[in-house]
Amino acid sequence: MGFAARVIEPDSTGKFRHMIHDEVDKWVDHIIDEVFVDGKEPTVMELSQLFAETKQKFFGACFQALIEQKYAELLEQEYAACPQCGKLCKKRRESLKEMVTMQGPSVLRRPWFYCVDCSYGFSPLDKVLEISRKKHQFDVQKKSTRTAAEVPFSTGSELFAELTDHAVSDHFMHDTFEEVGEHACLEDVIPDRKEIAKRCQGVRKGAWRPVLVVASDGAHVPTRPKAKRDEKRGKGRWQEAKGFRIYLLGRERIVHVASWHQIQNEEQFGEDLSFVASRIDQDDLRIGLLGDGADWLWKHMVACFPKGRQILDYFHCAEHIHKVAKLQYGEGSERRLEWVESTIARLFYAEVDNVIWGLQRMKPADSLAEEEIRKLIGYLDNNRERIHYRGDRIGGYPIGSGGIESANKFICHTRMKRSGAWWVKETGNEMLGVRCAIYNGTYDMIFENYKKAQASP
Ligand SMILES: [Zn+2]
């Protein structure tokens with residue numbers, strides 16, 4: 001390769017240097033005016049505030065200068081090929097694009113082309129730079145959506161301005177969130193096969209096989225029917241978000257594999273779980289299935305993970321026992337504690353028949369107690385094959401779904417159950433999808449898909 005090929009055009013870099021120096025001078029002038037005043041002794045906080053106020057204008061201008069020099073050729077382009085038919089089109093006009101990036105505001109004056117055959121207007125520069133049609137560019141959109149996934153839109157917009165010195169309205173935050181959320185579909189929110197295999201490999205140690213835990217649960221989300229902006233809102237109701245969390249119990253640590261929660265029926269839950277199961281190589285793993293007593297949940301978990309060891313969630317089980325104890329023996333009684341402890345100990349050793357026998361012989365304190373005793377007998381009978389906590393412990397299986405409880409709390413409750421928030425099912429599911437993506441480490445992918453969809457005409 002000859003020397004000539006390596007020459008950088010001194011023209012554009014020289015010009016760029018000049019433009020930046022000009023901006024620095026303007027900024028320095030401003031700072032001098034503000035700070036070097038007799039009697040003024042600004043503190044660290046005041047100086048930092050001054051930087052915060054001035055850097056956007058400064059960096060925004062530098063940003064603009066950089067684009068103008070780096071892409072000078074595209075900005076001066078007189079003819080461009082139509083992206084749809086390839087015909088060469090002549091420049092129609094210069095068009096202004098106002099942009100806001102995380103660096104501040106900039107304005108681009110770029111040529112605009114129009115293909116008469118295709119009735120299609122375009123700017124080649126926008127394509128190269130991946131400029132968003134919105135004023136706030138993708139870098140802002142990505143952070144704003146990430147923020148909205150954590151806190152309500154109005155709080156999010158305030159926090160965003162507070163922490164970044166960039167103002168975005170709660171409407172912008174909401175609308176962008178919904179557009180990104182459309183891309184939070186199961187296939188992309190769940191890590192791909194390769195990534196899951198990598199996570200499994202990471203916890204393996206020699207011949208010891210890690211346990212893959214599949215924990216399912218439902219959580220109630222407040223929902224309302226969709227209404228147009230000026231229409232009266234319909235009556236709200238609580239709907240179940242059904243979900244699962246899959247994680248690996250390694251020797252020393254827990255490694256998250258995938259979470260997925262949606263407001264949906266049992267059938268869709270089953271389909272989704274089956275899809276995720278197909279991405280996991282089950283041969284080399286031990287599998288533990290955790291759930292409460294709900295039959296629908298076991299049906300699907302067993303179908304998707306036929307090898308799995310079924311474990312009735314210890315905490316759910318204990319909850320039922322406490323309930324009976326309270327009604328039968330009264331809140332503060334000694335007998336109550338004694339009975340709870342001995343019952344749980346028996347269940348720990350898988351003596352379910354023994355416990356049921358005792359319950360059947362119990363003389364109910366009243367009709368409420370009688371009803372709960374009857375329910376507990378049915379519950380234990382229904383789940384007898386899933387109660388073997390001592391064996392689970394020895395085998396290294398989990399006995400309680402602390403994992404799903406905390407995932408549920410993280411994914412559903414913290415964002416979905418804010419006071420006064422009632423979700424339209426679609427938006428609620430987008431929120432759940434984006435939150436799962438963040439938890440699963442796939443948010444970048446979701447956003448990339450959104451960006452691609454925005455770019456195509
Ligand atoms: Zn064309």
Side-chain angles (χ1 to χ4, degrees), residues 1 4-9 11-13 15-16 19 60-145 168-169 171-185 187-188 192 426 430 433-434 437 442-457:
M1 194 160 303
R6 299 226 3 117
V7 173
I8 313 159
E9 299 144 5
D11 224 29
S12 56
T13 53
K15 249 193 205 156
F16 172 59
M19 289 165 92
C62 294
F63 199 78
Q64 187 176 324
L66 184 59
I67 291 174
E68 280 169 11
Q69 293 315 311
K70 171 69 191 169
Y71 294 103
E73 251 175 67
L74 282 172
L75 288 165
E76 283 147 24
Q77 210 171 8
E78 286 296 322
Y79 289 91
C82 166
Q84 300 200 339
C85 70
K87 194 181 104 174
L88 214 55
C89 308
K90 188 169 166 28
K91 181 174 98 180
R92 287 297 175 103
R93 57 188 166 91
E94 303 254 282
S95 165
L96 284 185
K97 171 73 189 174
E98 274 183 69
M99 308 195 294
V100 176
T101 68
M102 290 303 293
Q103 309 317 320
S106 335
V107 181
L108 280 185
R109 177 184 289 277
R110 81 277 203 237
W112 190 258
F113 301 85
Y114 188 81
C115 176
V116 188
D117 296 358
C118 306
S119 314
Y120 179 69
F122 63 97
S123 151
L125 184 78
D126 291 21
K127 187 142 195 241
V128 173
L129 281 172
E130 294 185 345
I131 288 174
S132 169
R133 268 174 294 211
K134 298 187 185 208
K135 186 164 139 192
H136 288 87
Q137 294 302 298
F138 290 124
D139 60 338
V140 181
Q141 293 174 36
K142 190 172 180 184
K143 288 183 200 294
S144 130
T145 299
V168 297
S169 72
H171 278 299
F172 167 83
M173 215 172 223
H174 178 271
D175 294 349
T176 308
F177 186 91
E178 285 202 334
E179 288 164 50
V180 177
E182 279 172 28
H183 297 269
C185 53
E187 296 82 79
D188 296 319
D192 62 20
E426 289 75 21
E430 283 169 2
V434 170
T442 50
Y443 176 59
D444 285 353
M445 167 81 138
I446 303 299
F447 194 84
E448 211 42 48
N449 289 345
Y450 155 76
K451 200 159 64 103
K452 264 184 226 149
Q454 292 286 301
S456 54

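Order of appearance sets the numbers: ligands from 1, and atoms from 1 within every ligand.
- With Q137 contributing its side chain and K135 its backbone, the two residues share a donor-acceptor pair below 3.5 Å.
- Between F447 and F138, the ring-plane angle classifies as perpendicular under the 30° and 60° cut-offs.
- Around the Zn ion (ligand 1), protein N, O or S atoms at less than 2.8 Å number 4.
- Ion pairing between a basic and an acidic side chain is recognised when a charged N comes within 4.0 Å of a carboxylate O; K97 and D126 show no such pairing.
- Here K134 pairs with E179 in a salt bridge; the nearest charged N to carboxylate O distance falls below 4.0 Å.
- A donor atom on one side chain and an acceptor atom on the other are found under 3.5 Å apart for Q64 and E68.
- With sequence neighbours excluded, the residues satisfying salt bridge (Lys or Arg N to Asp or Glu O under 4.0 Å) with K87 are D117.
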